[in-house]
Amino acid sequence: MINYHFNNKESFYTLRKNYRLSLQKTDIGIQITKAKKVPNRNEYYLDRTQLRSGHITAESVSNQLANIRHIVFEVTDACNLQCTYCAYRDFYDNYDKRENRYLDVRKAKLLIDFVFEKSNTPANKSPRKDILVNFYGGEPLLNMDFITEVVSYTKRMENDCVKFRYSMTSNGVLLKKYLPFFIQYDFDILVSLDGSKENDAYRLFHNGKSSFDTVYDNMIHIRDNYPVFFERNILFNSVLHNLNNRQEVFQFFQHEFNKVPLFSKVNDVGIKSEMEKKFDVLATPGQEMPDDKSETEMKRVMDLNYDKTKRLQQFIFLHSGNKYNSYNDLLFKRDNFRYLSSGTCFPFSRKIFMTVNNKLLPCEKIGQRFSFGRVTETGVDIDCEEVARKYNGYCDSLRKLCSRCHHVGNCSVCMFGVQNKEDKLVCKSFVNKRGFDDYLQKGVDRLSQNPELYKRIVEEVAIL
Amino acid sequence: MKNISVLWFYLEPYVFISEDRNGFLFYNTNSGKGMVFDKNGIINKVVKYLQNPENMYSIRIGVKELENEHLYHFIQSLQEATFGDLTEGHLSKPVIMPPILNLQKNVERLKTDYSPLNENILSCLHEVTIFVNGKCKHHCKACQYMFKQYPCCTKSDDTLDFNLLNDFLYSISRTGASVNITGGNPFQYPEFDKLSEALGKMDSLKTYIVNYRNIPEDPDVLNLFANESFRLKIVVNDSYRENSLVTIAERLQQDNINQLWEIGITSVHECEKAECLSERLSRLNIEVNIKPYYNRKNLVFFEENIFMQQEDIMAVELDRQDVFALQELNTCNFGKITVMPDGKVYANINKEPIGNIREQTGDILCRELLSSESWRHTRYRTAPCNRCRFRLICPSPSNYESVIGKPNLCHVVQ
Ligand code: SF4
Ligand code: SF4
Ligand code: SF4
């Protein structure tokens with residue numbers, strides 16, 4: 001028996017076999033003998049419950065709050081479109097009811113003040129930093145007053161050490177109108193567009209009409225009149241579903257705009273159980289052509305960002321034992337380090353998200369019931385003890401599931417996406433021993449088909 | 001069993017290869033053992049092939065080829081020592097990922113990406129040594145030497161401004177970096193009490209480094225060191241009377257003072273003497289370090305006792321992380337800075353200053369990260385080490401190299 005085996009302790013996989021070939025020199029030349037050998041399982045033994053028994057402390061949460069570099073505002077929950085797959089629509093049950101509300105700029109400023117003041121304490125490990133302010137919705141352009149007010153407020157706060165940068169996620173319908181402002185403040189704008197008119201047919205106005213022509217015209221306008229801004233600051237996000245596929249979407253953006261969009265899935269967290277079947281049909285992208293020339297072109301244009309290469313990259317990073325984040329990670333031993341269950345990031349380590357209802361969350365992608373604080377009339381109310389307690393509680397509830405899973409130790413799943421079905425936690429990425437062996441073999445196969453990528457990936461790719 | 005005529009030979013992912021003009025070093029981070037091979041035609045060819053990452057650490061070898069004595073020995077000894085293994089040649093090629101470091105926040109990469117270098121920069125700070133003054137009434141022979149080799153007192157004319165020092169300490173108060181306070185005689189620092197109060201607010205470890213002759217008689221002054229997060233490091237150099245030192249140690253112990261001792265030596269004779277003292281102090285459960293230092297006259301002592309032989313280097317046991325760390329950073333220096341009484345800040349006291357205490361600490365640290373003078377000064381960066389295969393496992397260059405003025409303190413490469 002030969003297979004690949006992952007050494008969890010040192011995070012690399014290697015070959016394992018239950019026999020040994022030995023060389024021997026004899027009169028008639030080299031002889032090879034084969035003898036049974038029991039693989040030393042101890043070498044790979046890992047107490048998975050132990051490994052994932054990590055907890056966070058209130059103090060570390062408090063320190064993290066001094067190191068925030070990304071604020072996301074849900075500017076409004078209103079939207080001038082009514083896309084079929086939108087997270088607020090029929091499929092989902094995990095969002096706050098949508099009431100066409102607008103975020104109170106006064107309260108948003110309280111959050112900005114909080115982040116800014118915290119940055120002025122020694123717990124901030126980056127004395128000079130850029131803070132990214134992201135405007136998110138609904139459709140943020142429906143609350144342009146908020147955006148201009150926040151930008152002018154933060155610009156006034158800037159000093160030698162703290163600077164602000166801005167970005168926005170938009171459906172692009174109203175973009176043309178406010179363009180000079182966004183150019184002036186160098187906004188990065190992520191425009192949602194799912195490809196050609198046919199591909200984009202789920203993105204509808206309230207009257208049921210397609211939004212494609214309006215958005216497309218706006219993009220052409222920017223491209224032709226502000227080519228530098230278009231090239232540097234406009235990004236596209238395409239949701240893949242049954243009316244499009246990667247190849248078609250890629251072709252569209254390459255040929256229309258000479259750009260590569262980001263691809264994303266339809267959000268599959270919080271689907272109502274009665275809608276699951278319908279959702280699956282919608283969320284499954286259309287058939288792709290295996291040998292399509294666009295696939296080759298995609299590979300060439302996207303290079304290391306090509307999605308299959310990215311999968312290989314993820315495999316290499318998780319299973320080579322070669323990836324370290326920082327100099328400190330090289331310097332200090334993690335022997336007794338205890339990871340949290342799942343692969344969830346530390347609260348507020350990536351960003352702080354303020355909802356239209358003044359809730360504070362560690363991320364805009366998670367269900368809004370996981371609120372870790374709020375902005376009140378007088379200021380930001382985050383109880384670090386409470387955050388740590390809640391967070392550890394979620395980790396604890398997952399521990400049993402994770403300790404049976406073979407991804408433990410190298411999991412990248414966010415626990416807020418793990419579903420609770422009839423009081424049982426269900427993680428879509430859970431694997432048992434056999435599943436993990438298959439997964440490892442698949443990774444190895446992918447690597448053996450593209451060995452030239454190994455060196456490039458380890459030497460060139462930074463994902464931070 | 002069918003006759004096998006072709007084999008796959010593969011190396012384990014925990015095996016590193018390094019080479020120089022004369023040969024190869026294979027190092028197994030699972031067992032902490034190294035093996036050396038001379039360069040010769042066929043071995044050269046096989047190793048070159050394995051070193052190419054595209055070949056995924058495995059090579060096809062005809063059984064006939066193994067009749068070559070060198071190749072046979074090479075494969076067999078690597079297999080024997082679990083550096084690699086064999087599978088049948090008709091099976092699919094073993095695909096093993098060779099150890100190549102991917103350091104996400106590598107400064108060299110950040111430089112070209114123009115990413116913010118200063119992100120999290122204060123978390124790189126691990127130890128600060130502050131010379132608060134230069135006043136001292138003694139005349140140790142080692143005064144101008146020892147402090148350049150490891151943290152210990154030295155005389156000078158300046159005194160560090162307390163306000164500047166206080167601001168600086170506040171700026172690093174949440175980094176967890178340990179703080180060493182020394183002088184001259186730090187007990188004579190005009191703002192000694194205020195300084196101790198400021199340090200008391202930090203939860204990191206604080207160590208005052210003083211010569212044994214500068215320990216005050218007044219027990220009240222030493223009260224501070226009964227607190228867990230403070231300790232007194234007592235430096236011994238020059239001539240001393242063992243009994244009186246032991247008496248000091250006993251007195252401090254009675255007062256519950258956290259103490260550790262450091263005895264500087266320059267010769268075998270001093271070393272023997274230090275060992276006697278060390279033994280007596282150890283009996284009191286006191287931590288003692290014996291530290292050789294170079295005094296410009298004892299090169300022979302260093303050559304005979306400190307310089308490394310090949311066996312010394314091969315005896316070093318390292319894991320994968322250690323080997324990677326040696327590639328990218330100086331494991332003795334990284335994260336350490338020194339502040340002199342004139343306010344100048346050094347990453348390494350033997351090199352040029354990297355800033356002044358008046359500046360933002362983060363800016364000073366960024367400057368050091370960008371340069372490769374101290375924190376990132378590795379054996380890979382300077383000759384002759386960068387041409388020596390043992391750089392893979394050889395300890396990072398230390399201050400001894402700087403003060404002796406020789407980049408390699410070994411007998412491996414002359
Ligand atoms: S994949 Fe799911 S079950 Fe497995 S460790 Fe990650 S979160 Fe836990
Ligand atoms: S006690 Fe320290 S500062 Fe004073 S002379 Fe001796 S080495 Fe120099
Ligand atoms: S000190 Fe330099 S030359 Fe000597 S063994 Fe180490 S790396 Fe080689």
Engineer: Which atoms of B:E69 are under 4.5 Å from chain A, going by heavy atoms: the side chain, the backbone, both sets, or neither?
Structural biologist: both
Engineer: Looking at every non-hydrogen atom in both residues, tell me the closest pair between A:G29 and B:E67 and how far apart they are.
Structural biologist: CA-OE2, 3.9 Å
Engineer: Taking it one step at a time, do A:Y327 and B:L103 satisfy side chain to side chain contact (heavy atoms under 4.5 Å, CB included)?
Structural biologist: CA-CA 8 Å; A:Y327 290 101; B:L103 179 61; 3.5 Å; yes
Engineer: Among B:L369, B:L91, B:I75, B:D322, single out the residue with the greatest number of heavy-atom pairs under 4.5 Å to chain A.
Structural biologist: B:D322
Engineer: At a 4.5 Å cut-off on heavy atoms, which part of B:L66 comes close to chain A: side chain, backbone, both, or neither?
Structural biologist: both
Engineer: Between B:I121, B:I100, B:L86, B:L101, who has the most heavy-atom pairs with chain A when the cutoff is under 4.5 Å?
Structural biologist: B:I100
Engineer: Please classify the contact between A:D445 and chain B as side chain, backbone, both or neither, with a heavy-atom cut-off of under 4.5 Å.
Structural biologist: neither
Engineer: Does A:R350 have more than 12 heavy atoms from other residues, nucleotides or ligands lying within 6.0 Å of its CZ?
Structural biologist: no
Engineer: Going from OG on A:S448 to CD1 on B:I96, what distance comes out if it is rounded to the nearest 0.5 angstrom?
Structural biologist: 11.5 Å
Engineer: For B:R358, look at atom CZ and say whether over 12 heavy atoms of other residues, nucleotides or ligands are found less than 6.0 Å away.
Structural biologist: no
Engineer: Please say whether more than 12 non-hydrogen atoms of neighbouring residues, nucleotides or ligands are located less than 6.0 Å from NE2 in B:H70.
Structural biologist: no
Engineer: Are A:P122 and B:Y170 close enough that some pair of their side-chain heavy atoms sits under 4.5 Å apart?
Structural biologist: yes
Engineer: Under the side chain to side chain contact (heavy atoms under 4.5 Å, CB included) criterion, do A:L23 and B:L7 qualify, and how do the steps go?
Structural biologist: CA-CA 11 Å; A:L23 303 177; B:L7 292 164; 4.0 Å; yes
Engineer: Is chain A contacted by the side chain of B:Y10, its backbone, both, or neither, given a heavy-atom distance below 4.5 Å?
Structural biologist: side chain
Engineer: Give the minimum heavy-atom separation between A:I457 and B:N102, together with the two atoms involved.
Structural biologist: O-ND2, 3.6 Å
Engineer: For A:T14 and B:E12, which I'm curious about, is there any donor-acceptor pair between the side chains at under 3.5 Å?
Structural biologist: yes
Engineer: Answer with yes or no whether the side chains of A:N322 and B:R320 bring together a donor and an acceptor at under 3.5 Å.
Structural biologist: yes
Engineer: How are the rings of A:F12 and B:Y14 set relative to one another: parallel (under 30°), tilted (30 to 60°) or perpendicular (over 60°)?
Structural biologist: tilted
Engineer: What part of B:T361 gets within 4.5 angstrom of chain A, counting heavy atoms only: side chain, backbone, both, or neither?
Structural biologist: neither
Engineer: Please report the shortest heavy-atom distance between B:T175 and A:K125, naming the atom on each side.
Structural biologist: CA-CE, 4.0 Å
Engineer: Could you check if a side-chain atom of A:Y13 sits within less than 4.5 angstrom of a side-chain atom of B:V95, using non-hydrogen atoms only?
Structural biologist: yes
Engineer: Please confirm whether the backbone N or O of A:P127 pairs with a side-chain atom of B:Q360, one donor and one acceptor, at under 3.5 Å?
Structural biologist: no
Engineer: Restricting to non-hydrogen atoms, name the atom on A:Q24 and the atom on B:Y72 that form the minimum distance, rounded to 0.1 Å.
Structural biologist: CA-OH, 3.5 Å
Engineer: Are B:Q104 and A:Y324 close enough that some pair of their side-chain heavy atoms sits under 4.5 Å apart?
Structural biologist: no
Engineer: Does a sphere of radius 6.0 Å around NZ in A:K442 hold more than 12 heavy atoms from other residues, nucleotides or ligands, not counting ones at 6.0 Å or beyond?
Structural biologist: no
Engineer: Top residue by heavy-atom pair count (under 4.5 Å) with chain B, among A:R69, A:H319, A:Q31, A:K129?
Structural biologist: A:R69
Engineer: Using non-hydrogen atoms and a 4.5 Å limit, figure out which bit of B:L125 sits close to chain A: side chain, backbone, both or neither.
Structural biologist: neither
Engineer: Drop me the distance from A:I30's CD1 to B:S5's OG, to the nearest 0.5 angstrom.
Structural biologist: 13.5 Å
Engineer: Where on B:T331 is there a heavy atom nearer than 4.5 Å to chain A: the side chain, the backbone, both, or neither?
Structural biologist: both
Engineer: Can you confirm whether more than 12 heavy atoms, excluding those of A:Q314, are under 6.0 Å from its CD atom?
Structural biologist: no
Engineer: Indicate yes or no for a side-chain donor-acceptor contact from A:S126 to the backbone of B:N120 under 3.5 Å, with no hydrogens or angles considered.
Structural biologist: yes
Engineer: Go through B:C366, B:P99, B:S92 and name the one with the most non-hydrogen pairs under 4.5 angstrom from chain A.
Structural biologist: B:P99
Engineer: Between A:K455, A:E459, A:K323, which has the largest tally of heavy atom pairs under 4.5 Å with chain B?
Structural biologist: A:K323
Engineer: Which atoms of A:N124 come close to chain B, meaning under 4.5 Å heavy atom to heavy atom: side chain ones, backbone ones, both, or neither?
Structural biologist: backbone
Engineer: Supply the atom-to-atom distance A:L331 CG to B:W375 CH2, rounded to the nearest 0.5 angstrom.
Structural biologist: 10.5 Å
Engineer: Do the non-hydrogen side-chain atoms of A:I316 and B:M97 ever get within less than 4.5 Å of each other?
Structural biologist: yes
Engineer: For B:S123, does its backbone N or O pair with a side-chain atom of A:N328 as donor and acceptor, under 3.5 Å?
Structural biologist: yes
Engineer: Counting only heavy atoms not in B:E54 (residues, nucleotides, ligands), do more than 12 fall under 6.0 Å from its CD?
Structural biologist: yes
Engineer: Got more than 12 heavy atoms from elsewhere within 6.0 Å of NZ, A:K25?
Structural biologist: yes
Engineer: Is any side-chain N of the basic residue among B:D85 and A:R16 closer than 4.0 Å to the acidic one's carboxylate O?
Structural biologist: no
Engineer: Without swapping roles, check the side chain of A:R128 against the backbone of B:D363 for a donor-acceptor pair under 3.5 Å.
Structural biologist: no
Engineer: Can a donor-acceptor pair be found, under 3.5 Å and without considering hydrogens, that links the side chain of B:Q79 to the backbone of A:L21?
Structural biologist: yes
Engineer: Looking at A:R20 and B:E80, is there a salt bridge between them, counting it only when a charged N and a carboxylate O are closer than 4.0 Å?
Structural biologist: yes
Engineer: Given heavy-atom pairs under 4.5 angstrom as the criterion, report whether the side chain, backbone, both or neither of B:K64 touches chain A.
Structural biologist: neither
Engineer: Heavy atoms only: give me the nearest A:Y454-B:P53 pair and the separation to one decimal.
Structural biologist: CD2-CB, 4.0 Å
Engineer: How far does CZ of B:R174 sit from CG of A:N63, to the nearest 0.5 angstrom?
Structural biologist: 4.5 Å
Engineer: Using atom types as modelled and distance alone, determine if a side-chain donor or acceptor of B:Q321 lies under 3.5 Å from a backbone N or O of A:L330.
Structural biologist: yes
